[in-house]
Amino acid sequence: METDVITIDGPTSSGKNSVGFLLAQKLGYQYIDSGSIYRAGCIFVLRNNIDPYETQKVVEIFKNLKIDIKNDNGSFKVIANNEDVTDILHSSDVTKIVPVVAAIKEVREAAKPIKWDLSKIKNTVMTGRDIGSEIFPDAKHKFYLTADVNIRAKRRFEQLFKKDPSIKYEQVLKDMEDRDKKDTEREVSPLRIPDGAAVIDNSHLTVEQTVEEMLKHIKGNVIASD
Ligand code: DC
């Protein structure tokens, strides 16, 4: 059976993951955050004491990377090389090296079949930076989610502040502007609005309202899930 894929791309802290997760739940689709594939590979890069700039060694890790995603009982779990790595995907060490690793052309090539194979298991909502543009350019429903950089920085600040009250908003904003620049200006697969994508600015929308907006676009065109 051919599976349906709904793509959601957008910059960091645009709410892609919360929105993608809820949209998938409402439709009975599986949810896949493609950023977690790069993050999972980085865990093995770090464990093997590989410098992220040692491109060939990093590429080898990704060529041998096996990823399973589990969406049981409303959770999102990432199993990498048979190990549940969900809880360490967002560690600061991984977050530090992942933009370098995700910008390596051969790493992106190795990640492509992982994304395609995962989507064949079930109807899928997949979030990322290149999903509607390069991975599933023919998807029927593509979204580009964005929000004002100050609002995205505020969201990130609130998340980080819970863990580290000494964090400064100005620094979070600056980091976010740097990340946006890296994502949009990188040579390989830069972040862009995919052809045919519906652009949703959720600066002033909740996760629920954003999903409602998306469902208006999708309504009537959703393939029944198994
Ligand atoms: O969304 P995130 O922060 O978990 O993404 C982690 C990194 O992976 C980030 O540097 C962007 C990159 N990424 C990418 O290049 N392409 C994707 N499809 C998903 C994420």
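Ligands are counted one by one from 1 in listed order, and the atoms in each one are counted from 1 as well. Keep in mind the model is a prediction, meaning the values are calculated, not measured.
- Near Lys115, the atoms of ligand 1 lying under 4.0 angstrom from a non-hydrogen atom of the residue are 18 (N).
- In Asp195, the CG atom is not crowded: 12 or fewer heavy atoms of neighbouring residues, nucleotides or ligands sit closer than 6.0 Å.
- Phe161 and Phe157 have tilted rings, their planes meeting at an angle from 30° to 60° on a 0 to 90° scale.
- Here the OG-CG distance, from Ser119 to Asp4, works out to 10.0 Å after rounding to the nearest 0.5 Å.
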For salt bridge (charged side-chain N to carboxylate O under 4.0 Å, His left out), just list the numbers for Arg156 and Asp175, CA-CA rounded to whole Å, side-chain angles, deciding distance to a tenth of an Å, and then say yes or no. CA-CA 10 Å; Arg156 174 58 58 89; Asp175 289 349; over 6 Å; no
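- Contacts between Glu134 and ligand 1, counted as non-hydrogen atom pairs separated by less than 4.0 Å, are absent for every part of the residue.
- Shown in contact with Pro99 at under 4.0 Å from a heavy atom are these atoms of ligand 1, numbered in order with element: 10 (O).
- The single protein non-hydrogen atom nearest to atom 20 (C) of ligand 1 is Gly35 CA, 3.5 Å, given as residue, atom name and distance.
- We find that Lys26 and Glu212 are joined by a salt bridge, their nearest charged nitrogen and carboxylate oxygen being less than 4.0 Å apart.
- For Ser34, a nitrogen or oxygen atom sits less than 3.5 Å from a nitrogen or oxygen atom of ligand 1, counting backbone and side chain alike.
- Of the protein's heavy atoms, Val98 CG2, 3.7 Å lies nearest to atom 7 (C) of ligand 1.
- Regarding atom 12 (C) of ligand 1, its nearest protein heavy-atom neighbour is Ala102 CB, 3.7 Å.
- Looking at His90, Arg179, Arg39 one by one, the single match for side-chain hydrogen bond (donor to acceptor under 3.5 Å, both in side chains) with Thr95 turns out to be Arg39.
- Here the side chains of Leu23 and Leu215 are in contact, with some heavy-atom distance below 4.5 Å.
- For ligand 1, the polar-atom distance check finds an N/O of Arg129 within less than 3.5 Å of one of the ligand's N/O atoms.
- Looking at Arg179 next to ligand 1, an N or O pair under 3.5 Å apart turns up.
- The minimum heavy-atom distance linking Ser34 with Lys115 is given by the pair CB-CE, 4.0 Å.
- Not a single N or O atom of His90, backbone or side chain, sits closer than 3.5 Å to an N or O atom of ligand 1.
- With a heavy-atom cut-off of 4.0 Å, Arg186 touches ligand 1 through its side chain alone.
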Can Glu109 and Lys112 be said to form a salt bridge (charged side-chain N to carboxylate O under 4.0 Å, His left out), step by step? CA-CA 5 Å; Glu109 286 305 311; Lys112 274 184 185 171; 3.2 Å; yes
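- With a 4.0 Å heavy-atom cut-off, ligand 1 is reached by the side chain of Arg108 but not by its N, CA, C or O.
- In this structure, Thr12 has no heavy atom closer than 4.0 Å to ligand 1.
- Looking at atom 4 (O) of ligand 1, its nearest protein heavy atom turns out to be Arg39 NE, 2.8 Å.
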